[in-house]
Amino acid sequence: MRVELKAYVPSRLKNRIRMIAEEKGISMNKLVNLLLEDGLYKMFEEEVEYGEVESKQINS
(Lines give C-alpha, C1' and ligand atoms only; values in the text may rest on other atoms or scores of the structure.)
Protein backbone atom coordinates (compact mmCIF):
# COMPACT_ATOMS: atom_id res chain seq x y z
CA MET A 1 0.00 0.00 0.00
CA ARG A 2 1.41 3.38 -1.00
CA VAL A 3 0.58 6.51 0.93
CA GLU A 4 1.67 10.10 0.48
CA LEU A 5 4.11 11.74 2.86
CA LYS A 6 4.98 15.38 2.45
CA ALA A 7 8.21 16.63 3.93
CA TYR A 8 9.50 20.17 3.72
CA VAL A 9 13.25 20.30 3.16
CA PRO A 10 15.66 23.13 2.40
CA SER A 11 16.04 23.83 -1.33
CA ARG A 12 19.73 22.94 -1.08
CA LEU A 13 18.84 19.42 0.06
CA LYS A 14 16.16 19.07 -2.62
CA ASN A 15 18.65 20.14 -5.31
CA ARG A 16 21.18 17.62 -4.06
CA ILE A 17 18.58 14.84 -4.08
CA ARG A 18 17.58 15.82 -7.62
CA MET A 19 21.22 15.78 -8.75
CA ILE A 20 21.92 12.33 -7.26
CA ALA A 21 18.67 10.90 -8.66
CA GLU A 22 19.55 12.15 -12.15
CA GLU A 23 23.06 10.66 -11.87
CA LYS A 24 21.62 7.29 -10.86
CA GLY A 25 18.81 7.44 -13.42
CA ILE A 26 16.02 7.03 -10.87
CA SER A 27 13.20 9.27 -9.70
CA MET A 28 13.60 11.62 -6.76
CA ASN A 29 10.79 9.73 -5.01
CA LYS A 30 12.59 6.38 -5.38
CA LEU A 31 15.87 7.88 -4.10
CA VAL A 32 14.21 9.48 -1.07
CA ASN A 33 12.51 6.17 -0.22
CA LEU A 34 15.85 4.35 -0.44
CA LEU A 35 17.57 6.96 1.73
CA LEU A 36 14.82 6.89 4.36
CA GLU A 37 14.76 3.10 4.49
CA ASP A 38 18.54 2.86 4.77
CA GLY A 39 18.66 5.57 7.44
CA LEU A 40 15.95 3.92 9.52
CA TYR A 41 17.69 0.53 9.39
CA LYS A 42 20.98 2.12 10.47
CA MET A 43 19.23 3.95 13.30
CA PHE A 44 17.66 0.71 14.54
CA GLU A 45 21.03 -1.08 14.32
CA GLU A 46 22.56 1.63 16.53
CA GLU A 47 19.77 1.18 19.06
CA VAL A 48 20.52 -2.53 19.28
CA GLU A 49 24.26 -1.94 19.63
CA TYR A 50 24.34 1.14 21.83
CA GLY A 51 20.90 1.42 23.40
CA GLU A 52 18.35 4.06 22.54
CA VAL A 53 19.50 6.68 20.05
CA GLU A 54 19.44 10.16 21.52
CA SER A 55 16.68 12.34 20.11
CA LYS A 56 19.33 15.06 19.63
CA GLN A 57 20.90 12.98 16.85
CA ILE A 58 17.58 12.57 15.09
CA ASN A 59 16.70 16.27 15.22
CA SER A 60 20.13 17.45 14.05
Side-chain angles (χ1 to χ4, degrees):
M1 180 170 97
R2 299 183 77 98
V3 297
E4 183 176 344
L5 169 67
K6 291 186 180 184
Y8 294 95
V9 297
S11 60
R12 180 176 165 203
L13 179 58
K14 180 181 177 184
N15 292 336
R16 198 162 274 196
I17 291 169
R18 178 181 287 132
M19 182 179 64
I20 294 169
E22 288 174 0
E23 287 175 3
K24 294 189 174 289
I26 60 176
S27 70
M28 288 178 59
N29 191 59
K30 176 74 173 179
L31 178 60
V32 169
N33 283 323
L34 292 170
L35 292 169
L36 283 171
E37 188 173 8
D38 189 47
L40 287 172
Y41 284 130
K42 286 182 179 178
M43 187 176 78
F44 291 138
E45 287 174 7
E46 286 181 14
E47 285 181 5
V48 170
E49 291 180 25
Y50 305 111
E52 189 172 335
V53 176
E54 294 180 26
S55 61
K56 186 170 111 178
Q57 290 176 331
I58 295 170
N59 293 328
S60 301

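In this chain, numbering begins with 1 at the start of the sequence shown. Note that this is a predicted model, so its numbers are computed, not measured.
How far NZ of Lys24 is from CG of Leu34: 9.0 Å, rounded to the nearest 0.5 Å. To the nearest 0.5 Å, atom CD1 of residue Ile17 and atom CE of residue Met19 are 10.5 Å apart. From Asn33, atom CG reaches atom CG of Asp38 across 12.5 Å, with rounding to the nearest 0.5 Å. To the nearest 0.5 angstrom, Ile20 atom CD1 is 11.0 Å from Asn15 atom CG. Separation of atoms CG (Leu31) and CZ (Arg16) is listed at 12.5 Å; rounding is to 0.5 Å.
Leu5 and Met43 end up in different hydrophobic clusters when Ile, Leu, Val, Met, Phe, Trp and Tyr side chains are linked at under 4.5 Å. When the side chains of ILVMFWY residues are joined at heavy-atom separations under 4.5 Å, either directly or via intervening members, Leu36 and Tyr41 end up in two distinct hydrophobic clusters.
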